[in-house]
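Predicted model only: the values in this text are computed from it and were never measured.
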Amino acid sequence: MQARLWLLLAAQLAALHGSLALVQTPASLMVQTNQMVTLSCKTQTSPSNARIYWLRLRQALSANSHYEFLASWESKKTVYGKEVDAEKLTVLGNPPQNMLTLQNVKPADSGVYFCMIIGIPNLIFGTGTQLSVVDVLPTSPQPTKKTSPKKKVCHRVPNPVAQKRLPCAPLILGLLAAGVLILLVSLGVAIHLRCLQRRARLRLLKQFYK
């Protein structure tokens, strides 16, 4: 029965890959090593009691793609493929949903997992789940906080010359006023002396002409 199934798979896989009759969730999943993974397959248009097969594709879909039969679920019974560890992989069916659980996953378990049913006359594949198993999950870069530039506060530096001039201003004004006053007094004294000299000359002339 399994040999006939694989011949049928090889002949019809390319044309019938990815039918929306079986919807798988999640579409992609990345987990760390030794974690547990659960994949879901829900039937949309096929009979709810249809036998569901789980397959794994280890490399991208191409002419050399190789699908591995993992397990199938029918009438509350799990049938495992060759060299599949029953303790690592379990299948649980609860129509219309079927669950595939992997324990202690390793990087070698990475690949695309498909659920499938045998329709009439064609095979019907699920939408697929991309599983990536890594030792360390990539960390998303933290958003850098934009620091707003600080506003420059302009502090007026006191002018030492201006500070020195302010106290001296009244003194200078006083000196100027005193200088003007002295000048006026000197001018008055000079005029007065000039007048006295003129008078003295006139008296002297009068004495000579007598």
Can [Y] be reached from [X] by stepping across I, L, V, M, F, W or Y side chains whose heavy atoms are under 4.5 Å apart?
{"X": "Val84", "Y": "Met99", "result": "no"}
{"X": "Val105", "Y": "Met30", "result": "no"}
{"X": "Leu39", "Y": "Val134", "result": "no"}

Gap between atom [atom2] of [Y] and atom [atom1] of [X] - 0.5 Å precision:
{"X": "Thr90", "Y": "Leu100", "atom1": "OG1", "atom2": "CG", "value": "7.0 Å"}
{"X": "Leu57", "Y": "Gln130", "atom1": "CG", "atom2": "CD", "value": "9.0 Å"}
{"X": "Leu92", "Y": "Thr78", "atom1": "CG", "atom2": "OG1", "value": "8.0 Å"}
{"X": "Arg56", "Y": "Ser110", "atom1": "CZ", "atom2": "OG", "value": "9.0 Å"}
{"X": "Ile182", "Y": "Leu187", "atom1": "CD1", "atom2": "CG", "value": "13.5 Å"}
{"X": "Leu181", "Y": "Leu176", "atom1": "CG", "atom2": "CG", "value": "12.5 Å"}

Problem set entry | Test item: side-chain donor near acceptor, Gln97 and Ser40, under 3.5 Å | yes
Exercise. Judged by modelled atom types alone, do Asn98 and Lys42 share a side-chain donor-acceptor pair under 3.5 Å?
Worked result: no
Taking all non-hydrogen atoms of both residues into account, name the closest pair between [X] and [Y] and its distance.
{"X": "Gln35", "Y": "Val31", "answer": "CB-CB, 4.4 Å"}
{"X": "Leu131", "Y": "Tyr113", "answer": "CD2-CE1, 3.7 Å"}
{"X": "Pro107", "Y": "Asp135", "answer": "CG-OD1, 4.0 Å"}
{"X": "Val79", "Y": "Arg51", "answer": "CG2-NH2, 3.6 Å"}
{"X": "Leu123", "Y": "Met116", "answer": "CD1-SD, 4.2 Å"}
{"X": "Thr101", "Y": "Thr38", "answer": "OG1-OG1, 3.5 Å"}

Problem set entry | Candidate pair Leu55 and Phe125, rule side-chain contact (heavy atoms from CB on, under 4.5 Å), full reasoning | CA-CA 10 Å; Leu55 312 173; Phe125 283 84; 3.6 Å; yes
Answer yes or no: is there a donor N or O on one side and an acceptor on the other, between the side chain of [X] and the main chain of [Y], under 3.5 Å?
{"X": "Lys106", "Y": "Asn34", "result": "no"}
{"X": "Arg58", "Y": "Ala108", "result": "yes"}
{"X": "Tyr80", "Y": "Leu89", "result": "yes"}
{"X": "Gln103", "Y": "Met36", "result": "no"}
{"X": "Thr127", "Y": "Val23", "result": "no"}
{"X": "Thr129", "Y": "Pro26", "result": "yes"}

Problem set entry | Residue pair Tyr53, Phe114: steps toward the ring pair (Phe, Tyr, Trp, His ring centres under 6.0 Å) verdict | CA-CA 8 Å; Tyr53 299 84; Phe114 292 95; over 10 Å; no
